[in-house]
Amino acid sequence: MDNLNIGYYDEKGSAEIANTISSDISNMASAADQITTFSISSILQIVGGIVGLSILDWKLALMITLLIPVKFLVVLYFSRKRIQILKNCREG
């Protein structure tokens, strides 16, 4: 709202501005709820998978657990590469 031109407030009524603010807050809360739910669900799936795998074969579970940071680093590397390529494409 700070970035808007002062003319915006002259054109719109106070009810419309309040409705816009309420709608924006509702959308942000909904997005935060979805992200939180997805994160908790993913963490529980990972922990459950490791526990289940530990019951079946502890050596394999240990190996998989040690490979998680390696996978994270590989994904991080390629994500950064992708961002660089996109920036280069935009710049021409």
Side-chain angles (χ1 to χ4, degrees):
M1 298 294 289
D2 290 339
N3 295 335
L4 293 175
N5 190 353
I6 196 72
Y8 174 82
Y9 298 105
D10 292 335
E11 294 173 8
K12 307 294 180 183
S14 61
E16 189 173 353
I17 293 172
N19 185 32
T20 302
I21 291 171
S22 175
S23 176
D24 289 347
I25 290 172
S26 176
N27 289 338
M28 289 173 52
S30 175
D33 288 344
Q34 289 175 355
I35 291 170
T36 302
T37 303
F38 178 75
S39 298
I40 291 172
S41 173
S42 296
I43 290 170
L44 290 175
Q45 286 178 352
I46 291 170
V47 170
I50 291 173
V51 168
L53 191 56
S54 296
I55 292 170
L56 296 174
D57 186 7
W58 68 270
K59 293 176 190 175
L60 185 59
L62 181 63
M63 185 177 75
I64 295 296
T65 304
L66 294 176
L67 286 176
I68 290 174
V70 173
K71 180 180 177 183
F72 174 77
L73 292 175
V74 169
V75 169
L76 184 65
Y77 172 77
F78 284 113
S79 295
R80 288 184 178 168
K81 274 292 203 195
R82 187 190 69 165
I83 291 170
Q84 288 176 350
I85 291 171
L86 287 174
K87 283 183 181 178
N88 291 340
C89 287
R90 287 182 193 154
E91 292 172 359

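By convention here, the first residue in the shown sequence is residue 1.
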Check residues 74-85 and write down every donor-acceptor pair under 3.5 Å in which the side-chain atom is one partner and the other belongs to a residue at least two apart or another chain.
unit_1 : atom_1 : unit_2 : atom_2 : d
S79    : OG     : V75    : O      : 2.8

Could you list the donor-acceptor pairs under 3.5 angstrom formed between side-chain atoms of residues 54-71 and any protein atom two or more places apart in sequence or on another chain?
unit_1 : atom_1 : unit_2 : atom_2 : d
S54    : OG     : I50    : O      : 2.7
D57    : OD1    : K59    : N      : 3.4
T65    : OG1    : A61    : O      : 2.7

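A distance-only check finds no donor-acceptor pair linking the side chain of S41 to the backbone of T37 [under 3.5 Å].
For the pairing with I21, the side chain to side chain contact (heavy atoms under 4.5 Å, CB included) check across N19, I25, D24 returns one residue only, I25.
Residue I40 shares its hydrophobic cluster (ILVMFWY side chains chained together at separations under 4.5 Å) with L44.
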